Engineer: 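The structure under discussion is supplied below as structure tokens; questions concerning it will follow.
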Protein chains: 2
Amino acid sequence: MKIGALAKRTGLTAHAIRYYERIGLLPYADRNQSRHRDYDASILTWIEFLGRLKTTGMPIRDMLRYAALREEGAGTEAERRALLERHRERVRAQVDELNACLLVLDTKIDGYVETEQRKTDDDYTPVQVRRKPA
Amino acid sequence: MKIGALAKRTGLTAHAIRYYERIGLLPYADRNQSRHRDYDASILTWIEFLGRLKTTGMPIRDMLRYAALREEGAGTEAERRALLERHRERVRAQVDELNACLLVLDTKIDGYVETEQRKTDDDYTPVQVRRKPA
DNA sequence: CTACGGGTTCGAGCGCGCTCTAAGTCAAGA
DNA sequence: TCTTGACTTAGAGCGCGCTCGAACCCGTAG
């Protein structure tokens, strides 16, 4: 699989894929006779996982640490696990924070809904004075 | 309240507060005789709300749009509401995506836990062969 | 009087994560 | 044979959201 095909399958640009290889996030890819990168399908799993880390806000420097441990292979599992567990905690906190923000947004939006209802009342039922004034 | 005090209360730097005013995210603040900004406590509510928008990933240019509508005052409520509703949808989607990522993280971490357990078994019970081999 | 700890403006600089350009190589199809 | 289009490398550039430095202005305490 060449870089263009991989780009299509992952949603990354070919430029981004080369950049990731350059900084060490992706392993150095095999080249064919024309010096073009030739990827094995197994890279897809790794790129997908990197995407998860990115989605959850992990900075590239931390992904690099994880990638380096992965390259090192056996013996680094405990550290990889610890890294992911710390990250998981941050993501959980992030989700909690977002949910709190959603409540605030709901309240704010409800406020505007009420404003519009008052306006609608003014426009369409201006003669109708307060209910039960007596 | 001067800028330093406001900075302390909001967690922003004084530099950031000035920057926000410059770009129009904060209204132009009153100055005292020494040309120093003098804030009313009411600004805190607005800054806090901006913080929510930021936390939820709204880009500054969208906050600027919202801030501009707010400055315009009455008559812009429907658009402000629509803006926040669109944003709320994006945030909900974001939360869903993060939760999906959390599941993947859990799986990955479980994998490492099992790896470590196998290793522990090797280290401490190497003589003990499979249970019930007979 | 002077030193200090605020504040002011203006504009440059920075860290992140790509993104794009330039100049060249290569393989396949018309 | 020539063109097309996808690839190569090296390195410059960019958009975002601040962050910081320079040079200067105040007011108050010692």
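Residue numbering restarts at 1 for every chain, and letters A, B, ... go by the order of the sequence lines. All values below were derived from every heavy atom in this structure, side-chain atoms included, with hydrogens, water molecules and symmetry-related copies excluded. Model, not experiment: these values are computed from the prediction.
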Engineer: For B:E97, what residues pass the salt bridge (charged side-chain N to carboxylate O under 4.0 Å, His left out) criterion, not counting sequence neighbours?
Structural biologist: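 Counting only residues at least two positions away or on another chain, B:E97 forms no salt bridge (charged side-chain N to carboxylate O under 4.0 Å, His left out).
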Engineer: Rounded to the Å, how far apart are A:D38 CG and D:dC7 P?
Structural biologist: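 The distance from CG of A:D38 to P of D:dC7 comes to 11 Å, rounded to the nearest Å.
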Engineer: Assign each of B:R31 and A:Y20 to its nearest nucleotide of DNA chain C by heavy atoms, then name whichever residue's nucleotide is nearer the 5' end.
Structural biologist: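 The residue whose closest nucleotide sits nearer the 5' end is B:R31.
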Engineer: Between which nucleotides of DNA chain C, read 5' to 3', does contact with chain A run, using atoms under 4.0 Å from its heavy atoms?
Structural biologist: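 Going 5' to 3' along DNA chain C, contacts run C:dC16 to C:dA27.
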Engineer: Going by the rule side chain to side chain contact (heavy atoms under 4.5 Å, CB included), which residues pair with A:D38 if we only count those two or more places apart in sequence or in a different chain?
Structural biologist: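 With sequence neighbours excluded, A:D38 shows a side chain to side chain contact (heavy atoms under 4.5 Å, CB included) to no residue whatsoever.
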Engineer: Under the salt bridge (charged side-chain N to carboxylate O under 4.0 Å, His left out) rule, collect the residues that match up with B:R90, sequence neighbours excluded.
Structural biologist: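 Not a single residue meets the salt bridge (charged side-chain N to carboxylate O under 4.0 Å, His left out) criterion with B:R90.
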Engineer: Parallel under 30°, tilted from 30 to 60°, perpendicular over 60°: which one fits the rings of A:Y66 and A:W46?
Structural biologist: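 The arrangement is parallel - the two ring planes meet at less than 30°.
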Engineer: Whole angstrom is fine here: how far is it from CG in A:L6 over to P in D:dC7?
Structural biologist: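 Spelled out: CG on A:L6 to P on D:dC7 is 10 Å.
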Engineer: For B:E89, check side-chain hydrogen bond (donor to acceptor under 3.5 Å, both in side chains) against everything at least two apart and list the hits.
Structural biologist: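 Applying side-chain hydrogen bond (donor to acceptor under 3.5 Å, both in side chains) to B:E89 gives B:R92.
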Engineer: In B/S/- notation, 5' to 3', how is nucleotides 19-30 of chain D contacted by protein heavy atoms closer than 4.0 Å?
Structural biologist: BBB----SS---
Engineer: Could you tell me which residues satisfy side-chain hydrogen bond (donor to acceptor under 3.5 Å, both in side chains) with A:T10, sequence neighbours excluded, listed by chain and number?
Structural biologist: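 By the side-chain hydrogen bond (donor to acceptor under 3.5 Å, both in side chains) rule, A:T10 matches no residue at all.
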Engineer: Is the NZ or CZ atom of A:K108 positioned over B:F49's six-membered ring, under 6.0 angstrom from the centre and within 45° of the axis?
Structural biologist: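 Yes, a cation-pi geometry holds between A:K108 and B:F49.
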Engineer: In residues 45-63 of chain A, what residues come within less than 4.0 Å of DNA chain C, judged by heavy atoms?
Structural biologist: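 Output list: A:K54, A:P59, A:I60, A:R61.
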Engineer: Would a distance-only check, ignoring hydrogens and angles, find a side-chain to backbone donor-acceptor pair under 3.5 Å from A:E77 to A:G75?
Structural biologist: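 At least one qualifying donor-acceptor pair exists.
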Engineer: Within the distance-only criterion (no hydrogens, no angle test), does the side chain of A:T55 pair as donor or acceptor with the backbone N or O of A:G51 below 3.5 angstrom?
Structural biologist: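 Yes, because the side chain of A:T55 sits within donor-acceptor range (under 3.5 Å) of the backbone of A:G51.
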Engineer: For B:D106, give me all partners under side-chain hydrogen bond (donor to acceptor under 3.5 Å, both in side chains), at least two apart in sequence or on another chain.
Structural biologist: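 With neighbours one apart ignored, the set is A:R88.
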Engineer: Judged by atom type as modelled, is there a donor-acceptor pair below 3.5 Å linking the side chain of A:T13 to the main-chain atoms of A:A16?
Structural biologist: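 Yes, because the side chain of A:T13 sits within donor-acceptor range (under 3.5 Å) of the backbone of A:A16.
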Engineer: May I ask you to say what B:R18 touches in the nucleic acid, namely base, sugar-phosphate or nothing, with a heavy-atom cut-off under 4.0 Å?
Structural biologist: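 Result for B:R18 = base.
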Engineer: With B:E114, which residues qualify under side-chain hydrogen bond (donor to acceptor under 3.5 Å, both in side chains), at least two apart?
Structural biologist: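 With sequence neighbours excluded, B:E114 shows a side-chain hydrogen bond (donor to acceptor under 3.5 Å, both in side chains) to no residue whatsoever.
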Engineer: Not counting sequence neighbours, list each pair that qualifies as a side-chain hydrogen bond (donor to acceptor under 3.5 Å, both in side chains) and has a residue in residues 19-32 of chain A.
Structural biologist: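 Sorted result for residues 19-32 of chain A: A:E21-A:R31, A:E21-A:R37.
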Engineer: Counting only non-hydrogen atoms, which of residues 87-94 of chain A are less than 4.0 Å from DNA chain C?
Structural biologist: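 Nucleic-acid contacts, sorted: none.
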